[in-house]
Each structure stands twice: as C-alpha cells, then as structure tokens.
Amino acid sequence: MAALQPVRGTHDLLGEDARRHAHIVATFKSVAYRYGFQDISTPIFEFSEVFHRTLGETSDVVSKETYTFTDRGGESLTLRPEMTAGIARAFISGGLAKDLPLKLCGHGPMFRYERPQKGRMRQFHQVDVEVLGVPEPQADIEVLALGADFLAELGLAERVELHLNTLGDAESRSAYRQALIDYFSGFKDRLSEDSVKRLDRNPMRILDSKDAGDREIVAGAPRMHDYMNEISRDFFARVRAGLDALGIAYTIDERLVRGLDYYSHTAWEFVTTDLGAQGTVLGGGRYDGLIALMGGPQTAGIGFAAGIERLAMMIDTPPLPARAIAVVPIGPAAEVPALAIAHRLRKAGFTVEQGYRGNVGKRLERAAKAGARVALMLGDDELAAGTVKCRDLDTREESAVALDALETALAAYR
RNA sequence: GCGGGUGUAGCUCAGUUGGUUAGAGCGCCAGAUUGUGGCUCUGGAGGUCGCCGGUUCGAGACCGGUCACUCGCCCCA
C-alpha cells in the first residue's frame with residue numbers, strides 16, 4: 001500500500017494508543033513512588049557483552065533475538081532486550097554499592113528480533129523495577145505487592161492471576177537441574193525435538209512444554225521442591241507468609257521457570273487468558289548472582305518488568321485530557337487580541353485551543369470536535385466593549401465576560 | 001526460524017462463472033449559512049485493486065513468487 005512502512009514489528013503511537021501507554025506509565029510511576037522507588041534511565045544500547053554475559057549465551061534472547069551491530073568505531077553494540085542488565089551495569093560503573101539499598105524504577109523501549117504476533121513486537125515497551133542490596137524476602141514481598149497494586153490500579157485485578165514459584169538458591173537449582181537431566185535422558189527417544197534440544201540447554205524448560213507427549217513424561221518428572229535445601233525452603237516460606245499477610249492471592253506453579261540464566265529463588269508471572277498466546281503481562285524474579293557475575297561486588301537483586309503493549313490491550317479507555325477552552329476570533333481585527341488571550345490563559349494554567357482558520361462556524365465545529373468545553377468569541381463588538389462572548393459548547397448558552405475578569409469567570413474550567 | 005489465514009479509498013467492507021468508465025457507508029474538504037458547531041441537503045477530493053511476473057482477446061478476480069499484516073509454534077513483557 002503505502003510506499004513507506006514502519007520497520008516490521010514496530011509501530012507508531014498516536015491518539016488513544018498513545019494515551020493508553022502514557023496512562024500505564026503514569027500509573028506505574030505513581031505506584032512506584034509510593035513504594036519509595038526513584039527513577040532511573042539507562043541507555044537503550046550497551047556494549048554487547050553486557051547482555052551476552054549476563055543473559056547467558058544459551059538463552060534464546062541472546063542466541064537469536066538481539067539486535068547487535070558494529071558502530072563506526074568497530075565496537076559491538078546491542079539494543080537492550082530488557083532493562084535489568086543495563087541497570088546492573090550502571091550500578092557497577094557508577095560505583096553505587098555505597099548507596100544500598102537502591103530501589104529503582106524505569107520504563108522505555110526494548111528490542112527483540114522475533115516474529116511479531118499479537119502482544120509481541122520487535123520494539124516494545126516495558127516498565128521495570130529493581131531492588132538492589134536487599135537479600136531478605138521482605139524485598140520479594142514488597143516488589144510483588146507493588147506489581148499487584150500496579151495492576152489493580154489499572155483495573156486489571158480480576159483479569160490477572162499471580163503464578164509463583166521458587167528456583168531455589170544456586171545449590172538447589174543445580175541439584176534439581178541434574179536430577180532433571182538424569183530423568184529426561186531416559187526418555188530421549190520419546191521427547192519432542194524441541195525438548196531434546198532443551199535437555200542440554202535448559203532442561204527446566206521441558207517442564208512447561210506444550211507438546212502432549214512431553215507432558216506425559218513431565219508428569220513423572222522429579223519435583224523442584226524435593227531438591228530444595230533448607231535455606232531455599234525457608235526463604236520461599238517467608239515470601240509466601242508475607243503475601244498471605246498482605247492478602248495477595250497466588251497459585252504455586254512448579255512449572256514456572258525463567259528463560260534468563262541469572263534468576264534464583266522467587267520467580268513469578270502475572271498471567272491472563274485474554275491475550276492469546278502471550279499470557280504473561282508482568283514477570284519478575286530474584287537475581288542475587290547477577291552483579292557479581294558481571295564483575296561487581298556480590299549484591300542481591302530482585303525486580304520485575306511488565307509489557308506496556310500487553311497492558312494497553314487490556315485496560316479500559318483512559319480518561320481524556322482536560323477539556324480545552326477554544327478561542328475564536330471573528331474578523332481580522334480580532335486575530336491578534338485572540339492570540340493574546342490564548343497566551344494569557346495558558347500562562348494562567350488553562351488548557352487553550354485555537355482554530356487557526358475558517359469562518360466562525362468552522363472554528364466552532366473544530367472546537368467542538370476537539371472536545372472543547374467553552375468557546376471565547378471576540379469580534380469588533382466585543383473589542384469595542386472590552387469583553388469576550390463565552391459560549392458553552394454543550395448547552396449553547398452565551399454570556400458576555402469582561403476581559404479583566406476572564407480568569408475568575410473561567411475558574412471552573414481550569 | 002517454522003506452519004495457517006488475510007491484503008480493494010483515511011476506516012469498515014461490497015465487487016456475480018474472468019468482460020469494457022472499480023462501488024457503498026463512515027470520515028475528510030467546500031457550499032447552502034461572508035458573527036455561531038453537533039441535524040439536514042448538495043457538491044468535491046481521495047484508488048498504480050500490496051508489489052513483481054505468468055495464463056488469457058481480456059485479470060481486482062485464476063496461477064507462481066515476493067512483501068506486509070495477522071494467528072499459532074519456539075521464546076518471552
């Protein structure tokens with residue numbers, strides 16, 4: 001159709017779509033600030049090693065989904081596929097270890113080279129929180145509660161479900177991983193092709209395979225919770241007790257695993273059935289080993305990210321911005337005075353629209369279409385009298401208002 | 001990367017077994033109404049029928065390829 005198209009998997013945001021995104025970000029910020037989080041913004045690209053080392057070379061995100069390119073200086077750079085690694089890098093390069101604990105929130109575009117689908121874009125947007133330097137389960141509870149509050153504030157409480165699991169600490173996780181390899185290796189000839197690959201790359205992934213044959217085998221697989229050591233068990237119990245105390249509902253989902261290698265202990269997803277194949281609307285977990293892995297000091301971390309596009313498809317239409325006051329000059333002599341009135345009202349905090357061109361009828365029509373509440377009309381008569389005619393665009397009632405009393409007369413429309 | 005579906009006006013869609021100038025509704029612009037909008041009436045702009053090639057006397061309709069969108073797999077927000 002059009003000769004110029006946006007790059008595959010990207011889209012322009014305009015009108016209601018733009019308002020949906022802005023509303024989600026604004027809601028997120030207000031909730032995060034209430035929890036004591038502060039803003040962070042990191043670059044949308046980093047040296048490639050930042051992602052390659054932290055996400056693990058075997059993860060799909062790195063092995064087939066990154067936008068990686070060489071810049072003019074010969075450096076390999078990668079567009080961020082998620083926010084955590086960049087924040088961890090900022091933590092190390094900024095020497096922020098002295099400021100712990102840190103509670104950070106941010107948002108922005110992420111990039112993943114995938115086949116686009118409903119709720120999945122190549123450039124998409126996330127909101128994100130990270131708590132650094134709190135190894136206690138209190139942080140898990142706080143971050144989970146923040147996520148639940150955020151979704152509730154968007155009106156989605158009834159439409160999402162919290163799925164919760166623990167991956168255990170490093171020791172538990174590797175013991176379980178080995179148990180899975182031992183078990184599944186016995187079924188190598190019966191597993192699906194995908195799952196055979198998962199066996200050496202990420203055996204836990206087999207647990208949530210959708211293949212019917214795999215599911216039968218998975219039914220008899222070792223249980224994660226049987227391989228948890230004392231520490232991991234206790235940690236998870238405390239997280240659950242905290243959620244219970246706050247009245248946050250969840251279901252334990254032992255098949256919930258994370259694609260990224262650096263997760264440990266708590267992992268969760270808020271999921272919905274309303275979005276087709278992309279059910280996860282918010283996902284998070286604990287990553288105590290990440291910063292050390294990147295060469296920084298051992299620092300606990302936990303956080304989540306939520307997909308703005310996915311949330312945008314679920315929320316109700318966000319409220320419209322404040323209705324404007326339209327300024328309508330009648331005749332050439334009124335053009336400049338009208339401009340001055342618009343300027344004066346804007347500086348006084350009113351939302352003001354101008355019609356730009358056309359006769360009075362056209363300008364009123366445009367004002368009404370733009371959602372304006374009142375129109376201030378001024379022509380030769382009003383100029384001579386030092387007034388404007390104030391027309392209510394809903395009721396069509398008109399009244400003359402003295403120019404020097406404008407602000408008080410319009411106070412209700414601010 | 002793999003499989004299915006769909007591409008006709010800004011939007012939603014008609015378009016007969018292939019037949020000559022490709023239509024409607026909505027939206028947009030203008031006029032009826034040169035100091036008054038949402039209704040009505042009249043007129044107008046807007047289309048290389050996604051693109052390339054093939055079959056045919058003739059293709060928006062059929063065939064092949066390609067691109068885009070879309071749904072699913074993989075994976076994830």
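Just so we're clear, the structure is a prediction, and the values are computed from it rather than from any experiment. Heavy-atom basis, side chains included; hydrogens, waters and symmetry copies ignored.
Checked against ring pair (Phe, Tyr, Trp, His ring centres under 6.0 Å), F28(A) has the following partners two or more places apart in sequence or in another chain: F150(A). Among residues two or more places apart in sequence or in another chain, the ring pair (Phe, Tyr, Trp, His ring centres under 6.0 Å) test is passed with F235(A) by H265(A). When the side-chain contact (heavy atoms from CB on, under 4.5 Å) test is applied to T68(A), the partners found at least two apart in sequence or on another chain are S48(A), H52(A), T66(A), S76(A), T78(A). Remark: Y176(A) pairs with Y227(A) by the ring pair (Phe, Tyr, Trp, His ring centres under 6.0 Å) rule, at least two apart or across chains. In this structure, the side-chain contact (heavy atoms from CB on, under 4.5 Å) partners of E397(A), at least two apart in sequence or on a different chain, are T395(A).
The gap from the C1' atom of G10(B) to that of C73(B) amounts to 35 Å, rounded to the nearest Å. Across A59(B) and U20(B), the matching C1' atoms stand 13 Å from one another, rounded to whole Å. Comparing the C1' positions of U6(B) and G31(B) gives a spacing of 41 Å, expressed to the nearest Å. Using atom P as the reference point in both A30(B) and G54(B), the two lie 45 Å apart (nearest Å).
In this structure, T84(A) and L290(A) have side chains that are in contact, with non-hydrogen atoms separated by less than 4.5 Å.
Taking a 4.0 Å limit (strictly below) on heavy-atom distances, residues 330-340 of chain A reaches RNA chain B at I330(A). Taking every heavy atom of residues 380-390 of chain A and every atom of RNA chain B, pairs under 4.0 Å involve D380(A), D381(A), E382(A), K389(A), by number. Of the residues in residues 7-31 of chain A, those lying under 4.0 Å from RNA chain B by heavy-atom distance are R8(A), G9(A).
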Distance-only donor-acceptor hits, side chain of residues 365-377 of chain A, under 3.5 Å, sequence neighbours excluded:
{"from": "E365(A)", "atom 1": "OE1", "to": "K362(A)", "atom 2": "NZ", "distance (Å)": "3.3"}
{"from": "R366(A)", "atom 1": "NH1", "to": "G355(A)", "atom 2": "O", "distance (Å)": "2.7"}
{"from": "R366(A)", "atom 1": "NH1", "to": "R357(A)", "atom 2": "O", "distance (Å)": "3.0"}

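For a distance-only test at 3.5 Å, the side chain of R115(A) fails to qualify as a donor-acceptor partner of the base of C74(B). A donor and an acceptor atom sit less than 3.5 Å apart, one in the side chain of E398(A) and one in the base of U36(B). For R391(A) against G37(B), a side-chain N or O and a base N or O form a donor-acceptor pair under 3.5 Å.
Taking atom CG of N359(A) as the reference point, atom P of U33(B) lies 13 Å away to the nearest angstrom.
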Practice item. Apply ring pair (Phe, Tyr, Trp, His ring centres under 6.0 Å) to the pair H125(A) and H107(A), showing each step before the final yes or no. Key: CA-CA 7 Å; H125(A) 299 79; H107(A) 68 98; 8.6 Å; no
Study note, to complete from the structure: Taking Watson-Crick and G-U wobble contacts under 3.5 angstrom, with | marking pairs to another strand and [ ] crossing pairs, the secondary structure of RNA chain B is written (((((((..((((.....[...)))).(((((.......))))).....(((((..]....))))))))))))....
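Within the structure, every pair that satisfies the side-chain hydrogen bond (donor to acceptor under 3.5 Å, both in side chains) test and touches residues 139-162 of chain A, not counting sequence neighbours, is listed here: R34(A)-E153(A), Y35(A)-D149(A), K103(A)-E142(A), D140(A)-T266(A), D140(A)-R286(A), R159(A)-D274(A), E161(A)-H163(A). Evaluation of the salt bridge (charged side-chain N to carboxylate O under 4.0 Å, His left out) test over residues 338-350 of chain A, restricted to residues two or more places apart or in two chains, returns R344(A)-E407(A).
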